[in-house]
Chemist: 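Structure provided below as structure tokens; questions to follow.
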Amino acid sequence: MNEKFLQPYNPEETEKTIYQKWEDGGLFNPDKCIEKGVCEKDAEPFSIVLPPPNVTGILHLGHATMLAIEDIMVRFARMQGKRTLWIPGTDHAAIATQAKVEKILQKEGVRKHELGREKFLERVQQYALESQSIIIGQIKNMGSSVDWSRLAFTLDEQREKAVRTAFKQMYEDGLIYRKDRVVNWDPKGQTTVSDDEVNHEEQEAILYTFKYSADFPISIATTRPETKVGDVAVAVHPEDVRYKEYIGKTYEVKFAGSSLSIKVISDGSIDPEFGTGAVGITPAHSQTDWDIADRHNLPLKQVINEYAKMELGNELLDGKKTTEAREVIVDWLKEHNLLEKEEKITNNISTAERTGGVIEPLPKLQWFIDVNKTFTLKHSELKDFKAGDVVTLKQLMKSAVDSEEIHILPNRFEKIYHNWVDNLRDWCISRQIWYGHQIPVWYKDQEIHVGLEAPEGDGWQQDPDTLDTWFSSGLWTFSTLGWPFDDAQGKPTLLKDGSVNPDSELGIYHPTTILETGYDIIFFWVARMILMSTYLLGQVPFKTTYLHGMVRDMKGQKMSKSKDNGIDPNDMIHKYGADAVRMSLIIGTGPGNDIKLGEDKIRAYKKFANKIWNATRFVLERTEGTTLDNLELSTADQKLIDTWRESLADITSDMDNYRFYLAGEKLYHYFWHTFADVIIEDLKKRLEENPDDTSAKQTLLLLLTEQLKSLHPFMPFITEEIWQNIHDDDTMIMVQKWPKL
RNA sequence: GCGCGAUUAGCUCAGUUGGUAGAGCAACUCAUUUACACUGAGAAGGUCGGGAGUUCAAAUCUCUCAUCGCGCACCA
């Protein structure tokens with residue numbers, strides 16, 4: 001027996017060495033597994049991409065959960081002999097990262113515009129690289145068996161190729177267009193954000209009821225009087241008898257120092273019950289008003305600028321912040337006796353998810369992806385569509401889940417997904433920030449060029465905007481597998497007819513087996529991957545989506561720096577070992593449910609690791625020289641084995657059905673309370689009476705070995721360490737076969 | 001407004017097709033220097049949120065109410 005077992009288990013000492021051994025062995029790479037004969041060449045593939053963490057800092061417990069669950073899936077698949085690939089990577093997270101670097105610069109007293117675009121980007125790149133190397137270290141500390149040889153970044157050269165190819169194809173299919181539209185403008189981040197990047201918070205507001213002027217016949221109500229200088233119409237419900245006589249008339253009014261031309265229109269979307277039943281239409285500063293104006297061909301009148309200040313050629317208001325302008329207008333209304341009512345209501349305030357800035361709807365020239373426009377599908381392996389079908393992106397997104405080509409776990413999220421797709425509007429993909437994939441469009445006078453490279457000749461100017469970070473993440477399942485061009489093979493990943501070359505990496509591993517991520521990014525990411533993959537490859541990106549919950553503190557609150565209730569996974573790994581951290585994040589956690597975690601739980605699994613260690617020591621002491629080559633088991637001992645195998649069958653079925661929380665708990669329970677407490681105690685007595693009881697020895701050794709294997713996906717470090725200490729050869733438990741039933 | 005989830009032991013949660021309520025942690029009693037005190041044995045603790053229904057049988061299925069949490073929409 002190895003002397004190591006005479007001492008208590010020391011995770012910190014062990015884990016680094018073990019991970020190094022794994023890396024040196026190279027068996028996280030499926031190619032190497034085939035080369036070394038631990039995996040058949042024609043074995044069933046199992047592939048998964050790591051949801052790329054943002055390069056904005058260090059990993060938190062949510063990441064740790066993701067890494068633990070995925071590593072369990074991956075190690076289980078690998079031990080079943082599958083051709084197993086887990087691709088790691090990081091996300092440039094455009095706005096978030098840029099904001100972070102700007103903050104750092106601010107502390108140094110530097111402004112980004114003083115640096116200039118190029119210098120600034122260098123700085124961000126440097127930050128991203130540092131951040132990435134920290135993240136890589138943390139992924140390793142968790143024991144994740146990712147294939148480092150395939151490490152990707154959403155903003156590296158190959159992903160840029162993918163992004164530009166995708167953009168170009170969408171543009172040529174007429175799915176990407178550039179248009180003036182009211183978008184969510186974040187004055188703090190100085191950029192647009194997509195609908196999904198906007199948070200709504202309830203707040204108290206005042207609803208003002210007033211008339212523009214004494215001679216205007218209709219009163220309107222608003223919470224934002226300052227925008228009313230941009231009004232071009234008043235809309236009422238077509239059936240509203242109070243206002244019927246005014247519909248179609250236009251009034252010239254003097255309002256707060258501005259001359260307005262207000263047309264009375266009727267629109268079915270107006271609720272006659274709310275306020276006065278009449279709405280002042282401000283096309284430039286409200287999404288819904290824009291839609292109404294669009295239907296009625298009303299002009300656009302912008303009165304607020306990018307800095308959320310008034311700008312309209314009005315002495316009273318110009319240069320004022322919107323909040324100040326509101327007071328000025330309210331005072332003006334009072335003064336002119338036009339204000340009829342002030343009442344408190346609760347409404348929602350919109351803020352930008354990444355910066356917290358209050359959203360100001362503004363008309364902007366932006367790039368959009370049209371989700372409702374039809375195009376001809378070039379190639380399809382999808383159930384509901386074939387090549388040549390005329391479809392929309394929305395239809396593709398819907399059918400991928402409806403047709404059950406994609407299963408979402410837990411099931412209830414399919415409904416949520418559905419609901420989201422139904423309400424989906426065109427996706428605004430341009431961002432006015434510097435960090436990210438610059439839009440692959442070049443302009444020269446009236447000419448426009450969309451392509452992979454800048455056009456030849458002078459005078460071309462590239463669009464200064466960058467793409468929404470989710471555009472590149474949407475390609476992740478296949479941009480990490482060589483699409484559009486397989487460098488290793490030196491040819492495109494798609495054949496002439498648009499189908500995937502079956503010999504390419506893409507052909508082998510795509511669609512990926514499973515996508516595991518947090519339920520909070522189902523729309524941002526999961527839906528966008530489905531869009532991109534069905535459109536560009538005619539394939540779903542993955543067959544199953546497993547959504548894990550959010551990690552919370554014991555009170556159920558989100559962990560955050562400001563609340564100081566966060567548990568740092570790195571501290572926990574340091575204190576209790578990665579195996580214990582993994583177990584604590586898995587057990588008691590079904591898909592889709594939030595995880596309440598306290599340090600006690602992690603400590604409990606450290607005890608378990610020690611229990612395994614000590615039980616192993618006992619078994620090794622008593623079974624010196626015993627082998628499992630020829631089993632000579634007594635009937636009673638055979639029955640013990642049979643009972644264990646029954647549990648194992650149950651556990652395996654849990655694993656197959658993604659019930660890791662049950663499998664882990666059952667393994668824990670069997671090891672501790674059946675194997676250690678009962679079986680070892682019984683056999684201990686027997687061996688004291690008869691030290692040559694082969695059946696007893698073989699039973700112990702067999703049960704230990706099979707349990708180590710089945711525990712390996714959960715607690716890879718300690719099981720590998722034990723394996724290394726009891727085997728003289730250079731075999732690893734990570735590529736042993738999952739115990740046969 | 002629409003939808004989703006949760007409600008089971010003091011705490012965190014399991015409970016797979018309905019068949020006598022289960023685990024971890026904490027607390028309690030006792031034992032023990034043992035492969036392991038990062039231990040063992042034992043006891044205690046629940047009218048499964050309330051109510052109604054279906055059934056021979058309901059934590060589980062249906063309806064309803066309540067509380068908490070979440071998503072989406074509206075937001076004049």
Side-chain angles (χ1 to χ4, degrees), chain A residues 1 5-6 8-9 195-196 199-200 202-203 205 207-209 219-225 227-228 231 234-236 269-282 286-289 292 345-350 410-420 422-424 519-520 522-523 549-550 552-558 576 580 583-584 587-590 592-622 650 653-654 657 659 661-662 664-666 668-669 672-673 676-678 680-681 684 700:
Chain A
M1 190 181 63
F5 286 105
L6 298 175
Y9 179 59
D195 293 344
D196 297 295
N199 288 333
H200 304 280
E202 275 207 344
Q203 62 155 21
L207 184 67
Y208 302 92
T209 304
S219 304
I220 57 163
T222 184
T223 52
R224 297 200 58 192
T227 64
K228 297 290 102 182
D231 279 14
V234 163
V236 299
S269 69
I270 306 301
D271 175 7
E273 304 292 319
F274 192 93
T276 62
V279 186
I281 300 298
T282 326
S286 153
Q287 196 85 242
T288 42
D289 289 9
I292 292 172
I345 60 161
T346 49
N347 74 348
N348 286 328
I349 186 168
S350 304
N411 204 261
R412 65 186 139 96
F413 281 97
E414 292 188 1
K415 228 179 192 172
I416 295 175
Y417 172 84
H418 212 108
N419 193 275
W420 179 83
D422 282 344
N423 290 311
L424 185 62
Y519 66 71
D520 55 333
I522 179 168
F523 307 136
M550 306 293 111
R552 294 169 187 281
D553 71 3
M554 291 310 280
K555 288 175 193 154
Q557 290 180 308
K558 257 193 174 168
Y576 305 109
M583 285 294 267
S584 70
I587 292 178
T589 310
N593 292 341
D594 288 349
I595 306 157
K596 284 185 199 158
L597 186 73
E599 207 172 321
D600 278 353
K601 193 172 174 188
I602 307 173
R603 196 179 299 123
Y605 291 108
K606 187 187 175 185
K607 289 188 186 179
F608 180 51
N610 200 55
K611 189 75 180 177
I612 296 174
W613 192 250
N614 285 315
T616 302
R617 177 198 305 166
F618 173 80
V619 172
L620 294 183
E621 268 173 5
R622 302 304 162 99
D650 192 31
S653 145
D654 284 335
N657 292 292
R659 295 189 294 254
Y661 58 108
L662 290 183
E665 193 175 353
K666 285 171 186 169
Y668 172 95
H669 204 253
W672 201 314
H673 298 298
D677 289 350
V678 181
I680 287 187
E681 290 303 324
K684 189 198 287 181
L700 286 175

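Each chain gets a letter, A, B and so on, in the order its sequence line appears, and its residues count up from 1. Here the structure is a predicted model, which is why all the values come from computation and not from measurement.
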Chemist: Heavy atoms only, 4.0 Å cut-off, all strands: where does Ala676(A) land among base, sugar-phosphate and nothing?
Modeler: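 Ala676(A): base contact, heavy atoms under 4.0 Å.
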
Chemist: Could you tell me how far G15(B) sits from C30(B) if I compare only their C1' atoms? Round to whole Å.
Modeler: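 After rounding to an integer number of Å, I get 32 Å for this pair.
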
Chemist: Looking only at atom C1', what distance separates A14(B) and U55(B), rounded to whole Å?
Modeler: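 Per the computed distance, 26 Å lies between those C1' atoms.
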
Chemist: Who pairs with Asp271(A) by side-chain hydrogen bond (donor to acceptor under 3.5 Å, both in side chains), at least two apart in sequence or on another chain?
Modeler: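 For Asp271(A) there are no side-chain hydrogen bond (donor to acceptor under 3.5 Å, both in side chains) partners, ignoring immediate neighbours.
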
Chemist: Can you list everything that forms a side chain to side chain contact (heavy atoms under 4.5 Å, CB included) with Lys684(A)? Sequence neighbours excluded, please.
Modeler: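 Here the qualifying residues are Phe618(A), Arg622(A), Glu681(A), Glu688(A).
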
Chemist: Closest to the Ile680(A) side chain: A35(B), C38(B), C72(B)?
Modeler: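 Among A35(B), C38(B), C72(B), the one nearest the side chain of Ile680(A) is A35(B).
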
Chemist: Going by heavy atoms in the side chains, are Thr227(A) and Asp289(A) under 4.5 Å from each other?
Modeler: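 SC-SC contact between Thr227(A) and Asp289(A) ruled out.
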
Chemist: Is Thr288(A) touching bases, backbone alone, or none of the nucleic acid, heavy atoms closer than 4.0 Å?
Modeler: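 Result for Thr288(A) = sugar-phosphate.
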
Chemist: For atom P, what is the distance between G53(B) and C13(B), given to the nearest Å?
Modeler: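 Roughly 33 Å separates the two P atoms.
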
Chemist: When you measure from the side chain of Lys601(A) to the backbone N and O of Ser584(A), does any donor-acceptor pair fall under 3.5 Å?
Modeler: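 Judged by distance alone, yes, a pair lies under 3.5 Å.
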
Chemist: Return the value, rounded to whole Å, for the distance between atom CZ of Arg617(A) and atom P of C38(B).
Modeler: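 From Arg617(A) CZ to C38(B) P: 13 Å.
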
Chemist: List in chain and number order the residues that pass side-chain hydrogen bond (donor to acceptor under 3.5 Å, both in side chains) with Asp677(A), two or more places apart in sequence or in another chain; answer none if no residue qualifies.
Modeler: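 With sequence neighbours excluded, Asp677(A) shows a side-chain hydrogen bond (donor to acceptor under 3.5 Å, both in side chains) to His673(A), given in chain and number order.
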
Chemist: Looking at Val234(A) and Gly280(A), what are the two nearest heavy atoms and their distance?
Modeler: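 It is CG2-CA, 4.3 Å.
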
Chemist: Could you write out RNA chain B as a dot-bracket string, with dots for unpaired bases, | for bases paired across to another strand, and Watson-Crick or G-U pairs counted at under 3.5 Å?
Modeler: (((((((..((((.....[..))))..((((.......))))......(((((..]....))))))))))))....

Chemist: Rounding to an integer number of Å, can you tell me how far Asp594(A) CG sits from C13(B) P?
Modeler: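 Computing the Asp594(A):CG to C13(B):P distance gives 9 Å.
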
Chemist: Is there a side-chain contact between Phe523(A) and Ile416(A) in this structure, where contact means two heavy atoms from C-beta onward sitting under 4.5 Å apart?
Modeler: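 Heavy-atom side-chain distance check passes, below 4.5 Å.
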
Chemist: Please tabulate, one pair per line, each protein N/O and nucleotide N/O from nucleotides 4-11 of chain B that are separated by under 3.5 Å, including the distance.
Modeler:
{"unit_1": "C4(B)", "atom_1": "OP1", "unit_2": "Lys415(A)", "atom_2": "NZ", "d": "3.2"}

Chemist: State which residues pass side-chain hydrogen bond (donor to acceptor under 3.5 Å, both in side chains) with Asp600(A); sequence neighbours excluded, sorted by chain then number.
Modeler: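 Asp600(A): side-chain hydrogen bond (donor to acceptor under 3.5 Å, both in side chains) contacts with Arg603(A).
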
Chemist: Select base, sugar-phosphate, or nothing to describe what Ile270(A) touches, counting heavy atoms under 4.0 Å on all strands.
Modeler: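 Contact class for Ile270(A): base.
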
Chemist: Write down the distance separating the P atoms in C70(B) and A52(B), rounded off to the nearest Å.
Modeler: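 About 32 Å, rounded to a whole number of Å.
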
Chemist: Taking atom P in both U8(B) and U47(B), compute the distance separating them and give it to the nearest angstrom.
Modeler: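 12 Å, rounded to whole Å.
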
Chemist: Please name all residues satisfying side chain to side chain contact (heavy atoms under 4.5 Å, CB included) with Ile587(A), sequence neighbours left out, ordered by chain then number.
Modeler: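 Met583(A), Tyr605(A), Glu665(A).
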
Chemist: For a quick check of understanding: with a heavy-atom distance under 4.0 Å over all strands, which category does Ser286(A) fall into, base, sugar-phosphate or nothing?
Modeler: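 Answer is nothing: Ser286(A) stays at 4.0 Å or more from every strand.
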
Chemist: Rounded to the Å, how far apart are Phe618(A) CZ and G40(B) C1'?
Modeler: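 Going from CZ in Phe618(A) over to C1' in G40(B) covers 14 Å.
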
Chemist: What pairs with Lys611(A) under salt bridge (Lys or Arg N to Asp or Glu O under 4.0 Å), at least two apart in sequence or on another chain?
Modeler: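 Partners of Lys611(A) by the salt bridge (Lys or Arg N to Asp or Glu O under 4.0 Å) criterion come out as none, since no residue qualifies.
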
Chemist: Using the C1' atom in both, what is the distance from G19(B) to G1(B), to the nearest Å?
Modeler: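 Rounded to whole Å, the distance is 42 Å.
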
Chemist: When every nucleotide of nucleotides 22-29 of chain B is labelled 5' to 3' by its protein contacts under 4.0 Å (heavy atoms), B for base, S for sugar-phosphate only, - for none, what sequence of letters results?
Modeler: -SSS----

Chemist: Does the side chain of Asn347(A) reach to within under 4.5 Å of the side chain of Leu207(A), using non-hydrogen atoms?
Modeler: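 The answer is no, as the side chains (C-beta and beyond) never meet within the 4.5 Å cut-off.
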
Chemist: Does the Thr276(A) side chain pair with the main chain of Ser219(A), one donor and one acceptor, at a distance under 3.5 Å?
Modeler: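 Side chain of Thr276(A) to backbone of Ser219(A), a donor-acceptor pair under 3.5 Å: yes, one is there.
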
Chemist: For Asn657(A), report the nucleic acid contact type (base, sugar-phosphate, nothing); a contact means any heavy atom under 4.0 Å.
Modeler: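 It contacts nothing in the nucleic acid.
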
Chemist: Can you check the Asn423(A) CG to C72(B) P distance for me, whole Å?
Modeler: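 These atoms are roughly 11 Å apart.
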
Chemist: Shorter than 3.5 Å, N or O on both sides, protein versus nucleotides 15-17 of chain B: list them out with atom names.
Modeler:
{"unit_1": "G15(B)", "atom_1": "OP1", "unit_2": "Tyr661(A)", "atom_2": "OH", "d": "3.4"}
{"unit_1": "U16(B)", "atom_1": "O2", "unit_2": "Arg659(A)", "atom_2": "NE", "d": "3.4"}
{"unit_1": "U16(B)", "atom_1": "O2", "unit_2": "Arg659(A)", "atom_2": "NH2", "d": "3.4"}

Chemist: Of the nucleotides C36(B), A41(B), A76(B), which has the atom closest to the Lys611(A) side chain?
Modeler: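 So the nucleotide nearest the side chain must be C36(B).
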
Chemist: Check whether any side-chain heavy atom of Lys228(A) lies under 4.5 Å from a side-chain heavy atom of Ile220(A), and answer yes or no.
Modeler: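 Side-chain contact under 4.5 Å: yes.
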
Chemist: Please state how far atom CG in Asp520(A) lies from atom C1' in C70(B), giving the value in whole angstrom units.
Modeler: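 After rounding, the gap between these two atoms is 12 Å.
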
Chemist: Using atom P in both nucleotides, what's the gap between U12(B) and G69(B) to the nearest angstrom?
Modeler: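 Those two atoms are separated by 15 Å.
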
Chemist: Report the residues that fulfil salt bridge (Lys or Arg N to Asp or Glu O under 4.0 Å) with Arg552(A), sequence neighbours left out, ordered by chain and then residue number.
Modeler: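 Applying salt bridge (Lys or Arg N to Asp or Glu O under 4.0 Å) to Arg552(A) gives Asp594(A).
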
Chemist: Give the rounded distance in Å between these two atoms: CG of Leu424(A) and C1' of A73(B).
Modeler: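 It works out to 14 Å between those atoms.
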
Chemist: Round to a whole Å and report the spacing from CD1 of Ile522(A) to P of G71(B).
Modeler: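 Going from Ile522(A) (CD1) to G71(B) (P), I get 13 Å.
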
Chemist: Using only heavy-atom distances, decide whether a donor-acceptor pair under 3.5 angstrom links the side-chain of Glu681(A) to the base of A35(B).
Modeler: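 When only heavy-atom distances are counted, Glu681(A) does reach the base of A35(B) through a donor-acceptor pair under 3.5 Å.
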
Chemist: Which residues pass the side-chain hydrogen bond (donor to acceptor under 3.5 Å, both in side chains) test with Thr288(A), not counting sequence neighbours?
Modeler: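 Testing Thr288(A) for side-chain hydrogen bond (donor to acceptor under 3.5 Å, both in side chains), a comparison that skips the adjacent residues, returns Ser286(A).
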
Chemist: Return the 5'-most residue of the pair Gly588(A), His200(A) with respect to RNA chain B, ranking by each residue's nearest nucleotide.
Modeler: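 Its nearest nucleotide being more 5', the pick is Gly588(A).
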
Chemist: Give me the distance, rounded to whole Å, that separates G40(B) from C25(B) when you measure between the P atoms they each carry.
Modeler: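 It comes out at 9 Å once rounded to the nearest Å.
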
Chemist: Counting only N and O atoms by type, is there a donor-acceptor contact under 3.5 Å from the side chain of Asn593(A) to the main-chain atoms of Thr589(A)?
Modeler: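 Absent.
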
Chemist: Please report the distance, rounded to the nearest Å, between OH in Tyr519(A) and C1' in G71(B).
Modeler: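 To the nearest whole Å, that distance equals 9 Å.
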
